[in-house]
Amino acid sequence: QVQLVESGGGLVQAGGSLRLSCAASGRIFSINNMGWYRQAPGKQRELVAVSMRGGSTNYADTVKGRFAISRDIAKDTVYLQMNSLKPEDTAIYYCNAGVNILGPGGYLDVWGRGTLVTVSS
């Protein structure tokens, strides 16, 4: 019903930057929260940053001051600008959205398939 497609991952040297994008499509009436999680091998998935529709944002302490989340409401798209990347940022980054579905479907918690970010030291 709703798909999230991430892009922008890749290999970057420590200290470098990447910008991730996530575009939502499908039977979308509106999107409330939209954000990014990440999961490293053998680790639990963790929140990186979230953008609420009203404009407020939250960040994990580990990325504050380095990452910035932004949102294009009209395009159902969220971005994550990642600066000063560290090897410990290496993970699969997943886009997440809370979506109000067209019609009687209700509310869905939707995940993208992920994009791999690898930071070399």
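No experiment lies behind these values; they were computed from the predicted model shown.
- Residue-environment remark: CZ (F29) stays at or below the threshold of 12 foreign heavy atoms within 6.0 Å.
- Checked options M82, K86, R38; the residue passing with V63 is R38 (criterion: side chain to side chain contact (heavy atoms under 4.5 Å, CB included)).
- From L20, atom CG reaches atom OG1 of T115 across 6.0 Å, with rounding to the nearest 0.5 Å.
- Between M34 and C22, the shortest heavy-atom distance links the atoms CE-O, 3.9 Å.
- Residues V12 and W36 share a hydrophobic cluster, clusters being chains of Ile/Leu/Val/Met/Phe/Trp/Tyr side chains in contact below 4.5 Å.
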Please determine whether side chain to side chain contact (heavy atoms under 4.5 Å, CB included) holds for the pair R45 and I92, giving the CA-CA distance in whole Å, both sets of side-chain angles, and the decisive distance to 0.1 Å. CA-CA 9 Å; R45 189 172 299 186; I92 299 174; over 6 Å; no
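- The shortest side-chain heavy-atom distance between N96 and D109 falls under the 4.5 Å cut-off.
- Side-chain contact check for N83 and S17: at least one donor-acceptor pair (N or O, by modelled atom type) lies under 3.5 Å.
- Hydrophobic clustering, with ILVMFWY side chains joined whenever heavy atoms are under 4.5 angstrom apart, keeps I69 apart from W111.
- A donor-acceptor pair under 3.5 Å links the side-chain atoms of T90 to the main chain of V119, judged by distance alone.
- Y94 OH to L47 CG: the interatomic distance, rounded to the nearest 0.5 Å, is 15.0 Å.
- Closest heavy-atom contact between V117 and G9: CG2-CA, 4.1 Å.
- Classified by interplanar angle (parallel below 30°, tilted 30° to 60°, perpendicular above 60°), the ring pair F67/Y93 is tilted.
- Judged by distance alone, with hydrogens and angles left aside, the side-chain atoms of E6 form a donor-acceptor pair with the main-chain N or O of R113 at under 3.5 Å.
- Between the side chain of T62 and the backbone N or O of A60, no donor-acceptor pair lies under 3.5 Å.
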Verdict with reasoning, D76 to I28, per side chain to side chain contact (heavy atoms under 4.5 Å, CB included): CA-CA 9 Å; D76 294 330; I28 300 168; 3.9 Å; yes
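- Both the sub-6.0 Å distance and the 45° axial angle are not jointly satisfied by R71 relative to the ring of Y79.
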List the steps and the verdict of side chain to side chain contact (heavy atoms under 4.5 Å, CB included) for V48 and L80. CA-CA 9 Å; V48 177; L80 185 68; 4.1 Å; yes
Apply side chain to side chain contact (heavy atoms under 4.5 Å, CB included) to residues N32 and M52 and explain how you reach the verdict. CA-CA 6 Å; N32 293 333; M52 276 66 80; over 6 Å; no
